[in-house]
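Everything numeric in this text was worked out from a predicted model, so none of it was measured. Labels below follow one simple rule: chain letters A, B, ... track the order of the sequence lines, proteins then strands, and each chain is numbered from 1.
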Amino acid sequence: MKNTIEVPTNFIKNIIIEDLKEKRVSSVVTRFPPEPNGYLHIGHAKSIWLNFSLAQEFGGRCHLRFDDTNPVKEDETYVEAIKEDVKWLGYCWGEHLYFASDYFEKLFEFAVTLIKKKKAYVCDLSPEEIKKYRGTLTEPGIPSPYRDRSVEENLDLFYRMRNGEFEEGSKVLRAKIDMSSPNLNMRDPVIYRIIKKPHHRTKDKWCIYPTYDFAHCLSDAIEGITHSLCSQEFEDHRPLYEWFINELIDTEPKPKQIEFARLNLTYTVLSKRKLIQLVQEGYVSGWDDPRMPTLAGLRRRGYTPESIRRFCELIGVGKSESMVDIAMLEYCIREDLNKRALRKMAVLNPLKVVIVNYDEDKEEMLEAINNPEDMSQGTRLVPFCREIYIEREDFMEEPPKKFFRLAPGREVRLRYAYFIKCVDVIKDENGNIVEIHCTYDPETKGGNAPDGRKVKATLHWVSARHAIDAEVRMYDRLFVKPDPTEDEKKGIDFKEYINPDSLVVLNNCKLEPSLKDVKLGERFQFERKGYFCVDKDSTNERPIFNLIVPLRDKWSKHAKKTNK
RNA sequence: AGGGGUGUAGCCAAGUGGUAAGGCAACGGGUUUUGGCCCCGUGAUGCGGAGGUUCGAAUCCUCCCACCCCUGCCA
């Protein structure tokens, strides 16, 4: 059944069910932990959805925690933008807004405890030396010469690090674990480093900052997180995550780290590094360019939060590296908007039609259905007169097979109006079609012929006298290749595959007059074309619409096929 | 002396010893005043490969192969 929306299960849900059943946990507490150093994209949406919906489903809670442990990359503007995006997606963290930086004092105390347990030491090696001492993938590391400093000396040095007595890079605090571990993360990882930059929240209070590995697990523990979901590249960090918690936390239940596959989408890129290039090098207009996979971009494009959540449900959660077809996302927004969007008639590439047997002074108001999927949305009146616009591509002088639309001598229906028949084609001196002349059949008002004759096509149209002028921005996929990064190993940059036609601006669009006072963000279906959204660049005089997604279109698919 | 992870249809993805769900895409057909929506139908003698255990294997065992991640004082 199409109507029954089933959410598939996934391995994380199964783990939680088991944990609850075995009473390892009594409730579910998750968290979404972004670093405030950039904008959220649809990959983050998967994580947000996962964390919040799991908490919701099991009656628990989900925290929003900013992982702000590195002041050189982070900024307050990102925390506001991230909060806005999470809210827009439809999730609420309630009281549970946290910052890793709120725990800096506690984290410092944890580090002191570790030193006292002889499980951490101050190391004077330079970054290059640390790297050298760490060994390689196949060779064990060798211990730092500073590894066996006394507790007293370590304590003294660590406090002096905090007091700002040492230069950046001159000293770090390291956990003392195992320099010969096959897991490089366990070879005495750095847990505190000196960074003499003000932090966006703690300002100048600190000049040493904990690293992710130290801060994240302990922040989870402090907040009582039960299930700490992260992406797969952290799998190798899990032993470390557990090591710190086992050394420093004795409350139960201890948070459990579970890794899942991050999202990849065809015809786009989702890495922060690549997205930033697109913005900085001017390939797009900004982080909220409607072609960007950022939540800001998708929002401006016209995607609904419901459609994005639905997408997350549909793609599921697994551990295998996957590349989801963007057609799946497009399906989700169509599915949503088909049910809700009001239908309108809009001619994107106008061709004038003169109805030669229709009285010049006559005007009629014709009734049109607002949404055939939801008759409760009622009807509206659309004006009709002697001169109208139809879509240029709806007329062909020499129609190929299977072209059902208007052609010389052929009769079609104007939606909600009349049958018209093409009687003449007017061209300029270069042979370009300027307008076409038709006759209408007054008997077919409303769109049905009393004699029962049929037409093969129904065209949308707009009265020339009443039309509103508008700009419509036709967006397409940002890249021409399903995986734009595929050839990076061959030295071909992903930007080589940018779609030159990802934005086509249509300047001479004609809209039905009911579109007069649209509001920013409103979405409509322009019949036979697609779903469109009012862009923020609109003015009172001139609305601007973004194409969210085109309607499925068997004809253009067929035409494309037979063309090659 | 490397370690960790993953392989089920074009793309996602259920499945946990009882005879391969579901969705997207694709392709047929029906319906239609949107070439939309909706409805119906079409896919793996097969689960990376080869052996083995078993009455029975995608599920258990052995070996092999492919791809991804890890040598930041990033997260």
Side-chain angles (χ1 to χ4, degrees), chain A residues 2 6 8-11 14 33-35 37 67 69-70 72-74 123 125-127 130-132 134-141 168-174 180-187 189-195 208-209 211-213 215-216 230-239 259 261 266 272 313-332 334-335 338-339 343 345 368-369 372-373 402-405 413-417 446-448 454-460 482 525-530 550-558:
Chain A
K2 272 270 176 186
E6 294 157 24
T9 187
N10 62 62
F11 78 101
N14 293 341
E35 183 187 19
N37 70 343
D67 224 341
T69 57
N70 185 356
V72 312
K73 308 174 76 168
E74 298 154 7
C123 180
L125 255 26
S126 69
I130 288 181
K131 182 175 172 146
K132 206 177 298 168
R134 187 156 30 225
T136 69
L137 295 177
T138 52
E139 295 159 327
E168 271 188 34
S170 64
K171 281 183 170 50
V172 291
L173 185 70
R174 292 229 251 169
S180 62
S181 169
N183 181 346
L184 293 277
N185 294 118
M186 301 299 273
R187 320 242 262 228
V190 171
I191 61 177
Y192 264 93
R193 59 315 197 185
I194 299 167
I195 301 176
I208 58 172
Y209 293 90
T211 56
Y212 164 86
D213 283 312
H216 200 96
C230 62
S231 49
Q232 264 175 315
E233 62 267 32
F234 291 103
E235 210 136 21
D236 290 338
H237 294 245
R238 194 184 337 134
E259 309 83 12
T266 56
K272 202 168 279 176
E313 281 174 10
L314 281 186
I315 59 175
V317 181
K319 296 193 58 134
S320 60
E321 200 207 346
S322 58
M323 174 77 78
V324 175
D325 194 334
I326 199 162
M328 192 87 94
L329 219 209
E330 295 171 343
Y331 164 79
C332 290
R334 286 192 190 107
E335 179 192 49
N338 178 50
K339 290 180 306 207
R343 314 288 128 123
M345 292 201 285
I369 294 165
E373 302 294 313
K402 295 236 187 157
F403 182 87
F404 303 150
R405 283 109 98 146
R413 171 168 43 229
L414 294 178
R415 184 147 223 222
Y416 303 123
N448 282 308
K454 303 284 183 203
V455 289
K456 293 189 88 172
T458 300
L459 270 38
H460 63 283
Q525 184 195 101
F526 291 171
E527 291 207 55
R528 301 209 303 132
K529 301 308 293 185
L551 258 28
R552 291 180 71 220
D553 183 357
K554 280 188 187 146
W555 163 246
S556 72
K557 205 177 273 179
H558 171 263

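- In this structure, A:K456 places its NZ atom 14 Å from C1' of B:U32, rounding to the nearest Å.
- A:P34 comes within 4.0 angstrom of nothing in the nucleic acid, heavy atoms only.
- Taking syn as a glycosidic angle within 90° of 0, B:G72 qualifies as syn.
- Residue side chain A:Y212 fails the stacking definition with respect to B:A75, as its ring centre and the base's six-membered ring centre are not both under 5.5 angstrom apart and under 30 degrees in plane angle.
- Among the nucleotides B:C24, B:A1, B:C27, the one closest to any side-chain atom of A:K557 is B:C27.
- Partners of A:E74 according to the salt bridge (charged side-chain N to carboxylate O under 4.0 Å, His left out) rule, which considers only residues two or more places apart in sequence or in another chain, do not exist here.
- The side chain of A:T211 sits closest to B:A75 out of B:C74, B:G3, B:A75.
- Using a 4.0 Å heavy-atom distance criterion, A:F526 is classed as making no nucleic acid contact.
- In this structure, the CD atom of A:E335 is 17 Å from the P atom of B:G36, given to the nearest Å.
- On a pure distance criterion of 3.5 Å, no polar donor-acceptor pair joins the side chain of A:E313 and the base of B:G23.
- Atom P of nucleotide B:U71 and atom CG of A:D213 are separated by 11 Å, given to the nearest angstrom.
- With sequence neighbours excluded, no residue satisfies side-chain hydrogen bond (donor to acceptor under 3.5 Å, both in side chains) with A:K402.
- When distances are taken from the side chain of A:E373 to each of B:C37, B:U34, B:A25, the shortest belongs to B:C37.
- The side-chain contact (heavy atoms from CB on, under 4.5 Å) check on A:F403 picks up A:M396, A:P399, A:P400, A:R405, A:R410, A:W555, with sequence neighbours excluded.
- Without hydrogens or angle criteria, A:S180 side chain to A:P140 main chain gives no donor-acceptor distance under 3.5 Å.
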Could you go over nucleotides 11-15 of chain B and give all protein N or O partners under 3.5 Å, atom names and distances?
from, atom 1, to, atom 2, distance (Å)
B:C11, O3', A:M323, O, 3.0
B:C11, O2', A:M323, O, 2.8
B:C11, O2', A:D325, N, 3.3
B:C12, OP1, A:M323, N, 2.8
B:C12, O5', A:M323, O, 3.4
B:C12, O2', A:I315, O, 2.6
B:A13, OP2, A:S320, OG, 3.4
B:A14, OP1, A:V317, O, 3.4

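- In terms of polar N and O atoms assigned as donor or acceptor, the side chain of A:D553 never comes within less than 3.5 Å of the base of B:G35 in a complementary pairing.
- Separating the C1' atom of B:G52 from that of B:A20 is a span of 23 Å, rounded to the nearest Å.
- Taking atom C1' on both B:C60 and B:C55, the two are 16 Å apart, rounded to the nearest angstrom.
- Between the CG atom of A:L184 and the P atom of B:C73 there is a distance of 11 Å, given to the nearest Å.
- Note: CD (A:E259) to C1' (B:C70) measures 13 Å, nearest angstrom.
- With hydrogens and angles ignored, a donor-acceptor pair closer than 3.5 Å exists between the side chain of A:R343 and the base of B:U34.
- Nucleotides B:A58 and B:C24 place their P atoms 27 Å apart, quoted to the nearest Å.
- In the set B:G35, B:C69, B:G5, the nucleotide with an atom closest to the side chain of A:E235 is B:G5.
- You won't find any donor-acceptor pair under 3.5 Å spanning the side chain of A:R528 and the base of B:G35, going by distance alone.
- Listed nucleotides B:C70, B:U6, B:A25 differ in distance to A:Q232; the shortest reach to its side chain belongs to B:U6.
- Residue A:P372 places its side chain closer to B:U34 than to any other of B:U34, B:G35, B:G4.
- Considering only residues two or more places apart in sequence or on other chains, A:R134 meets the salt bridge (charged side-chain N to carboxylate O under 4.0 Å, His left out) condition with none of them.
- Separation of the C1' atoms belonging to B:C27 and B:U16 is 35 Å when rounded to the nearest angstrom.
- B:U34 atom P lies 11 Å from atom CD of A:Q525, rounded to whole Å.
- Checked against B:A1, B:A26, B:A75, the side chain of A:R552 finds its nearest nucleotide in B:A26.
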ask   = Reading RNA chain B 5' to 3', how would its secondary structure be written in dot-bracket notation, given Watson-Crick and G-U pairs with both distances under 3.5 Å, brackets [ ] for crossing pairs and | for partners on other strands?
value = .(((((((.[[[..)..(...]]].(((((.......))))).....[[[[[..)....]]]]])))))).....

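- Between the CZ atom of A:F234 and the C1' atom of B:U6 there is a distance of 18 Å, rounded to whole Å.
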